[in-house]
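Everything on this sheet refers to the single structure shown next.
Note that these values count all heavy atoms, side chains included, but never hydrogens, waters or copies made by symmetry. Both ligands and their constituent atoms are indexed starting at 1 by order of listing.
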Amino acid sequence: MTLWSGRMSEGPADSMMTYTQSIEFDQRLAIYDIKGSIAHVHGLGRAQILSAGETETIVSALTQVGAEIEGDSFVLMPSDEDIHTAIERRVTEIAGDVGAKLHTGRSRNDQVVTALRLYARDAATQVIGGVINLQTTLLDRARDAGTIYLPGYTHLQRAQPVLLAHQLLAHGWALGRDVDRLITTRMRLDVSPLGAGALGGSSLPLDPAGVAAELGFSKTFENSLDAVSDRDFVAELLFDLALLGVHLSRIGEEIVIFSSEEFGFYKLDDSWSTGSSMLPQKKNPDIAELARGKSGRLIGHLAGFLATLKSLPLAYNRDLQEDKEPLFDAVTQTARALDAISGLIRSLEFEVSRMQAAADSEELVAIDLAEYLVARGVPFRRAHHLVGELVRLRATRDDSLEELVAADARFGEDVSDLFAPGASVRRRLSPGGGGISQVAQQIVDYERHLARSRALAGFTDD
Ligand code: ARG
């Protein structure tokens with residue numbers, strides 16, 4: 001029997017039910033639906049719409065259904081259109097006639113979005129935890145990296161040596177912005193829609209504020225039409241996860257490149273890589289590639305869902321049922337990606353001599369040569385030009401750049417210090433830069449930022 005059977009002279013067509021059901025994918029909301037229903041029933045009790053006995057009977061039936069779901073003994077019926085219908089059906093089976101009072105003053109429209117907000121709050125917290133964990137892995141690896149340096153790249157061309165710790169933490173700071181965004185998204189979704197009814201409220205003396213408080217929401221809705229229509233929190237979370245996915249994709253791409261034989265900067269751990277079915281020698285960075293590949297899917301979820309929302313009239317429309325699959329999938333994929341990438345990075349072996357040899361290539365001293373001249377009063381444009389000419393000359397001669405510079409009267413004898421291995425990162429002094437002294441400070445600041453994120457997110461610092 002459907003929830004609306006009184007209105008129809010015929011039962012529902014099979015294809016209609018098959019097409020419109022969401023039970024296939026909304027069972028993840030079960031525990032949240034039960035929480036929401038218990039709070040709703042308590043509210044009805046407080047308003048004396050239900051007697052104390054009725055309240056107790058329905059709440060205990062809901063609790064039993066929760067235990068059945070948790071214990072995997074809950075049996076779905078073919079007529080269960082969604083998890084909310086299924087739970088109400090089972091409550092009525094357990095509680096008898098009084099179960100039919102559960103839905104008093106409530107619609108599935110406010111019921112589903114309440115459950116989804118409760119889910120979204122937990123999901124955001126779970127993802128924040130995963131991001132903080134990955135940020136911590138990057139911090140640990142930055143510490144392991146000590147004073148190891150490698151070429152920094154622009155246009156994927158060698159540009160200037162930087163500390164490996166600097167390179168790793170660059171990703172860590174981007175992830176820090178993801179955490180900030182997820183925390184503020186979680187604050188905005190902290191609104192209880194229960195009590196909005198189908199769209200316009202109820203003639204019954206409902207207690208939305210009491211229900212909100214019981215569910216741990218800090219606010220209740222201001223406008224019932226908005227309460228049942230609003231899926232901004234889903235779109236926002238999808239954006240947060242899409243951008244986080246883009247960051248993970250960029251980390252993944254770097255690992256793919258750096259672990260290639262051509263670069264040879266990172267060696268992949270056996271447990272965190274895959275082999276080839278045909279080529280016996282292969283070791284592949286599949287986690288890193290999937291982080292790159294799956295970011296496309298996360299972007300798709302955001303774009304698809306915005307298209308679903310666009311042009312919807314107020315208030316609830318069945319289109320809104322399309323909020324669940326993209327959100328659930330984005331959360332699952334992101335949580336798995338965070339764990340896998342963290343493990344991958346934790347197990348990477350740094351090929352120090354390869355990185356440092358690449359960074360010690362003498363052309364990377366060019367900017368230090370120009371700045372050497374600047375320190376002696378040569379205008380920067382002029383210094384840039386002069387060094388550029390020497391680099392060009394070197395390409396046509398057998399002499400090294402160091403020899404050409406040594407033979408050039410515009411440089412003093414001490415210029416040879418610039419060519420010493422690692423000199424560039426030792427000399428780099430500007431705040432936030434990739435040199436040794438500043439990165440040491442950066443690690444302190446990053447750790448402080450991470451501790452602040454943990455506290456803001458509600459994780460205790462142990
Ligand atoms: N499964 C539906 C959803 O997720 C439940 C709401 C159906 N409401 C309705 N008025 N038809 O949105």
Please determine if [X] and [Y] form a salt bridge, counting it only when a charged side-chain N lies under 4.0 Å from a carboxylate O.
| X | Y | answer |
| --- | --- | --- |
| E447 | R143 | yes |
| D232 | R188 | no |
| R448 | D445 | yes |

### Task
Count the heavy atoms belonging to other residues, nucleotides or ligands that lie under 6.0 Å from CD of Q281, then report whether that count exceeds 12.
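Check passes, neighbour count above 12.
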### Query
Between atom CD of Q356 and atom CD1 of I148, what is the distance when rounded to the nearest 0.5 Å?
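If I round to the nearest 0.5 Å, the distance is 6.5 Å.
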### Query
Rounded to the nearest 0.5 Å, how far apart are CD1 of I345 and CG of L138?
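That separation rounds to 4.5 Å.
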### Message
Show me, by chain and number, every protein residue that has a heavy-atom distance under 4.0 Å to ligand 1.
### Response
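Within 4.0 Å of ligand 1, protein side: S22, D82, R108, N109, V112, Y316, R318, Q321, K324.
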